[in-house]
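For reference, the structure discussed in these notes is given below.
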Amino acid sequence: MPELPEVETVRRGLEAAFVGNVIAKVDQRRPDLRFPFPDHFVSRLEGRKTVALHRRAKYLVAELDDGTALIMHLGMSGRFTVYAPQGHVLRPGVFAHQVATSGLDIGAHDHVIFDFEDGLRVVFSDHRRFGLMTLHPFKDLNGHKLFASIGVEPLSEVLTSSYLDQKLSGKRTPIKSALLDQKIVAGIGNIYACEALFYAGISPRRSSHTVPGKRSMRLVQSIQSVLSRAIEAGGSSLRDYAQADGELGYFQTQFAVYDREGEACQTASCDGTIQRLVQSNRSTFFCSNCQR
DNA sequence: CGGGACTCCTGCCAGC
DNA sequence: TGCTGGCAGGAGTCCC
């Protein structure tokens, strides 16, 4: 479920806890997540200070003071929770769950626990274990296999309709599948692919090569506005709940079509109903009146 | 090589 | 009430 806006929300929620803080202790509680942890994962992290916390596509990247990048992916069910000892004075911007130091139970799905020098504890839990953590030289991030063929950031000026046109021309796959392809645009998942196509008025079944032109201009605009609005919503939910329980990973947003099969289309002038179809084993939601 | 199907994993929920 | 089966989905891998 975490797509670009959720990952960006998590990044913002974790930034103040990580940056400038020294990782005193790491508890790696199993040998693997989606992939095995790299060799010496714990010892390469302990004693390191985080210089910056970045996001690229759906990845979080902690840049460490020795030039190492700690690459983290939430998969589908990854969450971070920040804890502070009771009475700990939180630095500005730190969202944390304040608990008695003795009262910390480690859950079955808590896989990595970072204890920082200032007393903050950040717990990564992921019950489905589709997430991952690995290490790589920060300077060579794009040389990492996971990043090598990742497409443009949708909220940067690099995503233009001409870029999209070039990627879509000649493609026979449905546009919905193309939007899920991280090699084209990074960070869009199933939910925002559906939402963006709805706002652009494009059928998810439309063959990609017929999108270039006016449709791709509308599509770029909808991708950017749907993602920006979701990040704004994430920001406000961050304020709402993060201070309460420090848990980062999900937030509720109102979707126009996603998971609304059988409901009325929200377009004022449309009396259609949201339909569901399956494309490459994934649910697609759309309005066949509004999307052509 | 493009594109689709399959796969990892577990929680949750509908249906019997 | 309790079990079962299906579904959810990010992204690498495999196969046609």
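The figures that follow rest on heavy atoms only: side chains count, while hydrogens, waters and symmetry mates do not. Every chain is numbered from 1, with letters handed out A, B, ... down the list of sequences.
Under a 3.5 Å cut-off, the side chain of T50(A) and the backbone N or O of A52(A) do not form any donor-acceptor pair. Without hydrogens or angle criteria, Q182(A) side chain to G187(A) main chain gives a donor-acceptor distance under 3.5 Å.
Aromatic rings of F198(A) and F285(A) (six-membered ring for Trp) have centroids beyond the 6.0 Å cut-off, not under it.
We find that D118(A) and R91(A) are joined by a salt bridge, their nearest charged nitrogen and carboxylate oxygen being less than 4.0 Å apart.
Distances shown here put every side-chain N or O of S77(A) at or beyond 4.0 Å from the OP1 or OP2 atom of dG11(B). Between H73(A) and dA11(C) there is a side-chain N or O to OP1 or OP2 distance below 4.0 Å. For S283(A) and dA8(C), the shortest distance from a side-chain N or O to OP1 or OP2 is below 4.0 Å. The side chain of H109(A) places no N or O atom within less than 4.0 Å of a non-bridging phosphate oxygen (OP1 or OP2) of dC9(B). Here K58(A) reaches the OP1 or OP2 of dA11(C): one of its side-chain N or O atoms lies under 4.0 Å away.
Residues S177(A) and R282(A) both approach DNA chain B. Their nearest nucleotides, taken by heavy-atom distance, put S177(A) toward the 5′ side. Map N281(A) and K145(A) each onto its nearest nucleotide of DNA chain C; the residue landing nearer the 5' end is N281(A).
Across all strands shown, R34(A) has heavy atoms under 4.0 Å from base atoms, whether or not it also approaches the sugar-phosphate. Contacts of L180(A) with the nucleic acid, taken as non-hydrogen atoms under 4.0 Å apart, are absent. At the heavy-atom level, N190(A) lies under 4.0 Å from the strands shown only through sugar-phosphate atoms.
As rounded to whole Å, 12 Å separates atom P of dG4(B) from atom CZ of R172(A). Look at CD1 on I150(A): it is 10 Å from C1' on dA11(C), rounded to the nearest Å. Taking atom CD of E261(A) as the reference point, atom P of dC7(C) lies 12 Å away to the nearest angstrom. One atom, CD1 of I175(A), and another, P of dG4(B), lie 12 Å apart when rounded to the nearest Å. Protein atom CD1 of I184(A) is 14 Å distant from nucleotide atom P of dA11(C), rounded to whole Å. For L33(A) and dG10(C), the CG to P distance is 17 Å, given to the nearest whole Å. For the pair F35(A) CZ and dG10(C) C1', the interatomic distance rounds to 10 Å; values are reported in whole Å. Between D32(A) atom CG and dT10(B) atom P there is a gap of 11 Å when expressed in whole angstrom units.
Of all the heavy atoms in G151(A) and A186(A), the pair that sits closest is O-CB, 3.7 Å.
Both thresholds, 5.5 Å between centres and 30° between ring planes, are not jointly met by F130(A) relative to the base of dA11(C), so the two rings are not stacked.
For E3(A), counting side-chain heavy atoms from C-beta on, the closest listed nucleotide (dG10(C), dG3(B), dC9(B)) is dG10(C).
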